[in-house]
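These values consider heavy atoms only, across backbone and side chains, with no hydrogens, waters or symmetry-generated copies.
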Amino acid sequence: MVKSQIKISKLKHLHFLLIIALFMVSVIPTGMVQTAAAAPKDELSWTDDFNRPDSNDVGNGWAPLRGDWSIGGNTLQTNGGPAERVIAQTGFELGKTFAVEATLRNTDYGRWNGVAFNITDNGDGTQDYYTLRMVTYPDQRPATWQLLQVTSSVITGAGLIASGAVPVEVGKDYTVRVSSSSDGELNVAIFEDVNPLLDRSVVLPLGKLLAGGYAGIYSLGGKLQVSNVRITISNDTNEPGNPNPDELSWTDNFNRPDSNDVGNGWAPLRGDWSIGGKALRTNGGPADRVIAQTGFELGKTFVVEATLRNTDYGRWNGVAFNITDNGDGTHDYYTLRMVTYPDQRPAAWQLLQVTGSTIKSESLIVGGTVPLEVNKDYTIRVSSSSYGVVDFSISEGADKLLDRSEVIPLDKLLLGGYAGFYSYQGSLQVSKVRITRSVMPPVAPVSGNLVWTPAEGAADAYENLDNNEVIIEKSVIDTTWAGHYVGQALLTNSDDQYVAYYNANRQMVVAHRKLGDDTWVLQPLDTFVQWDSHNYVTMAVDRAGQLHVSGNMHDVPLVYFRTTTAGDVTTLTRIPNMVDPASETKVTYPFFLRTSDGGLIFRHRNGSSGNGVDLYNIYNEETQQWQRLLEQPLHDGEGLRSAYVDGPMLGPDGYYHMVWVWRDSPNAATNQHLSYARSLDLVHWEKSDGTPLTLPITYSSSEVIDKVPMNGGILNGNTKIGFDAQGRVMVSYHKFDPLGNTQIYIARLTNEGWTINQISNWEGRWMIWGGGSLITEVTVGRVSVLPDDNLRLDFSVHGLTRTWVLHPDSLRPIAEINTPQLPSELTSVRSDFPEMGVYVSADLGSSGNEQERYILRRESLSQNRDQPRNPPLPDPVPLEVYHLRAASKPNPDPDPNPKSKSKSKSKSKPEPAPTGTRDQSDKEDVKR
């Protein structure tokens, strides 16, 4: 535990000795015996026998903290300085468990000498530590031992923990040993050779417990010789005080004399700061004041934890981090601050990004209430484990009053800099701060827009991907709303065909015809779409032939219709509830799927983004009633987040496979943790290794495929399940690479677990941020198998649709081509209104002819983040069903360059949609 930047030379020793202790280099300092190899693998040991030439420089990592220390006659000695003297081995920081053992002798009467441990330097020439010491008297008084807690190098009566008599003599070697196996528990012993003269356990008061720090030797007035020291520490990287080679820590408890000079590496950047009553305070200057620990720059990851209190009402105080000096007297930084009011207003907290030392309304990232009082100590903790993600908490003792995470836009991200404190007009006391940072320095993520480049070494043609479909028939159903994109549905069931859509007046309509008949029966329904692109409509037919329709929902009560006569859409009747009205009040993402025997299942979310659960119902055709398939939600974000699911999808292995990301809030940047589960019956779920999952599946119980953090470039709706020729699960998705570039990845499930494969090699970043239906810069399809067992993956970048052909083993792109297009009659934009695009929806069902298929075509503007558009708006456009058939011969004049189509207003935007187990969320560009 490093408490002082003044002792910076000790940190250099620390780095040097850690390299020796942890990596076992062959060069060992003179007199040092490296014994880590012989110690248990969870321990590290360090030994010094002082067998080196006489010198006033003890060397070997020893730091004389108080007094003069030297090597003489192959022993450690002290021969000058204040009465209380301490030397510490600052290259070997103590862990949660440790043992310190020294062979020493008192060479004169009346001198207390022994070992010191948990030594921390206060930065003012004083130290806090424990010491086990012993003394021999020249008179009849018995020799004595004491265990003391020393504060600021001063021994008081209050510091005595335990003591007693021990038969020791001057001029004789004794082994003094102290060990700790758990917090606050010590074993103290003194041996003469192998005979224990003292051996007992002592419990320390936890409220005053010292932890970490260093071990060394203590002397009162000298007359001491030490011939051997051995220090053993735990190698637990999660415990305080452990020498984690990837992290450095710095601590200050401000336990030093009152002074207007804070010292210890602190730089008052704005305002007057001082030490008073062993606390950091601010007592003058501008309203917004900042002090920074400029001797300890933050790394790529960091933790800042401080104990502080507000001493008056109406004053905002807290920690500041990523502090950077603009060179003009102003600073940029983040602050987590808190305030308590004298009236009825609740105490509050805020996370701010401050620019130029000025707080504006746009500085607020997030805020809320928290139960605080003045003149009480609270622990504020801020940490960041990945770029643009801040975890923060406020605690009173062991009770957390606030505990949450937040994302920060990467294009506005502050990196590195320093940590410190913020105060608005003072009335702040800070009694302790600890800063931990990664050794790895921060490196700014790449900036700039995403730029697509073809896969290196991939061919630009592939004969097995030609699109040879021809148009057999076109049928115009009606005109449809074109003011914004919203999903519409086509369902073919044997010789019945249904279309669910929003007409020119935005009213939901279901149309029906018999195949081969160009006459449609239109049935308007009593629901109208506004501007929300979440509000797609979907359909399914049950085993009795009844049509089920649901849609136009985003956190609203259930909208659901069912026919009472099979094949007759005029009998569609609104059913207000399926199972439980209380769990159907905030519905989004309706999704029909089938059991292996054709039973109909309905999945929906109830709740909002960041606070919703997935519910599954199953339909009984005999009773014409729905009931719960699962008695509890399949996923539960526990009020903190929501699961955004792809699937369940029936795979070639007979399992239903499902992947999802967790999302903490409406901000799409909070997507995280690509996760997986599978089931044989949609009721009993398990991990990929067969481990059963207890329902509901939660954030902590999930099997994580790829631990993508928030702000990590992954997006719900763009995680897709596919399979290779061996039937192995392939999950396609995008995220940021280590440099912050947006890339497409495939995760494949193998016998050894999940393997993550980067497919693209692009530069630049698609900045995923905000709520509403996003304009997607990247889309990714499902992996599918080609006739030659190579794999196909479709994707798009900035509207350019491309296809990779991937090697089935290495997943290396063999070819990258423009995605084969539908006939130009479908893909060419006909409207003269600016920014119109073509949208096609796949069939949710099938006519049963594998050589033929139907698609639904219309044109519209894109989504608009669910917000209204200002006039003018496009006129309603034709809604058409096209009947396609695979041609017996290749198209004699295929268009090899879809980009040329776009120049001639070709903007086809496919909407793959499910039948049975294919996920209807494919219908949406982005789910929100």
Side-chain angles (χ1 to χ4, degrees), residues 3-6 122-126 151-152 250-296 304-326 328-343 347-350 352 354 356-359 363 370 372-380 382 394 396 417-435:
K3 278 201 175 182
S4 173
Q5 290 304 295
I6 295 175
N122 297 323
D124 58 358
T126 68
T151 303
S152 299
W250 186 95
T251 301
D252 196 345
N253 64 6
F254 307 104
N255 189 7
R256 45 190 178 270
D258 293 359
S259 175
N260 289 328
D261 179 11
V262 177
N264 216 7
W266 291 99
L269 302 182
R270 286 176 68 86
D272 302 323
W273 296 79
S274 63
I275 298 293
K278 297 185 178 179
L280 174 68
R281 304 168 183 264
T282 175
N283 42 18
D288 292 292
R289 307 170 193 172
V290 175
I291 189 170
Q293 176 45 251
T294 56
F296 203 67
V304 182
E305 187 171 84
T307 303
L308 56 83
R309 65 170 59 188
N310 288 353
T311 60
D312 200 358
Y313 294 104
R315 308 296 176 90
W316 287 96
N317 292 305
V319 297
F321 53 102
N322 296 124
I323 305 168
T324 55
D325 194 328
N326 297 323
D328 58 0
T330 68
H331 310 87
D332 298 340
Y333 54 91
Y334 302 108
T335 179
L336 176 63
R337 65 180 193 172
M338 59 186 187
V339 67
T340 302
Y341 297 105
D343 47 34
W349 64 271
Q350 290 181 340
L352 303 170
V354 182
S357 296
T358 301
I359 295 177
S363 301
V370 60
L372 305 173
E373 302 176 26
V374 296
N375 290 316
K376 266 194 176 182
D377 284 338
Y378 298 96
T379 299
I380 293 186
V382 176
I394 299 176
E396 181 181 3
Y418 307 107
F421 295 96
Y422 164 90
S423 180
Y424 178 73
Q425 294 186 341
S427 298
L428 164 72
Q429 289 183 9
V430 184
S431 56
K432 185 176 182 179
V433 62
R434 179 181 177 90
I435 307 169

- Worked verdict on I359 versus R337 for side-chain contact (heavy atoms from CB on, under 4.5 Å): CA-CA 12 Å; I359 295 177; R337 65 180 193 172; 3.5 Å; yes
- Query: Which of these passes side-chain contact (heavy atoms from CB on, under 4.5 Å) with V430: D377, I380, L308?
  - Reply: L308
- Is it true that a side-chain atom of T307 and a backbone atom of T379 form a donor plus acceptor pair closer than 3.5 Å? no
- How far apart are the closest heavy atoms of I291 and V262, and which atoms are they? CD1-CG2, 4.0 Å
- Taking all non-hydrogen atoms of both residues into account, name the closest pair between A419 and V304 and its distance. CB-CG2, 3.6 Å
- Out of curiosity, N283 CG to W273 CH2, how far, rounded to the nearest 0.5 Å? 9.5 Å
- Does any N or O in the side chain of T311 come within less than 3.5 Å of the main-chain N or O of S427, such that one atom is a donor and the other an acceptor? yes
- Chi angles and distances behind the side-chain contact (heavy atoms from CB on, under 4.5 Å) call for T324, Y333: CA-CA 6 Å; T324 55; Y333 54 91; over 6 Å; no
- Check whether any side-chain heavy atom of F421 lies under 4.5 Å from a side-chain heavy atom of T282, and answer yes or no. no
- Item | Distance-minimising heavy-atom pair for L372 and I394 | CD2-CG2, 4.1 Å
- Task: Report the C-alpha separation of D261 and S259 in whole Å, then their side-chain angles, then the decisive distance to 0.1 Å, and conclude whether the side-chain hydrogen bond (donor to acceptor under 3.5 Å, both in side chains) test is met.
- Result: CA-CA 5 Å; D261 179 11; S259 175; 5.3 Å; no
- Message: Below 30° counts as parallel, above 60° as perpendicular, anything between as tilted: where do the rings of W266 and F254 land?
- Response: tilted
- N326 versus D332, side-chain donor and acceptor atoms under 3.5 Å: yes
- Note on the structure: Rounding to 0.5 Å, atoms OH (Y422) and CG (D288) come to a distance of 3.5 Å
- Task: Please assess W250 against N264 for the test side-chain contact (heavy atoms from CB on, under 4.5 Å), listing each intermediate value before the final yes or no.
- Result: CA-CA 11 Å; W250 186 95; N264 216 7; 4.0 Å; yes
- Task: Please check if the side chain of T358 supplies one atom and the backbone of G356 the other of a donor-acceptor pair under 3.5 Å.
- Result: yes
- Note on the structure: dist R434:CZ -> E305:CD (nearest 0.5 Å) comes out at 8.5 Å
- Item | Test item: side-chain donor near acceptor, N255 and K278, under 3.5 Å | yes
- Item | Distance (rounded to the nearest 0.5 Å) between Y313 OH and N375 CG | 8.0 Å
- Shortest non-hydrogen contact from I435 toward F296: O-CE2, 3.4 Å
- Message: Can a donor-acceptor pair be found, under 3.5 Å and without considering hydrogens, that links the side chain of R315 to the backbone of N310?
- Response: no
- Nearest non-hydrogen partners of Q293 and G265, listed with the distance: OE1-O, 3.1 Å
- Value for CZ (R270) from NE2 (H331), rounded to nearest 0.5 Å, stands at 7.0 Å
- First locate atom CD of E373, then atom OG1 of T340, and finally report the distance between them rounded to the nearest 0.5 Å. 8.0 Å
- Item | pair Y418-V290: side-chain heavy atoms closer than 4.5 Å | no
- Should we count OH of Y424 as having more than 12 external heavy atoms under 6.0 Å? no
- Run the side-chain contact (heavy atoms from CB on, under 4.5 Å) check on R281 and Q429 step by step: do they pass? CA-CA 5 Å; R281 304 168 183 264; Q429 289 183 9; 2.7 Å; yes
- Message: If only side-chain N and O atoms count, and only distance matters, is there a donor-acceptor pair under 3.5 Å linking N317 with S423?
- Response: yes
- Minimal non-hydrogen separation, L269 against A292, with atom names: CD1-CB, 3.8 Å
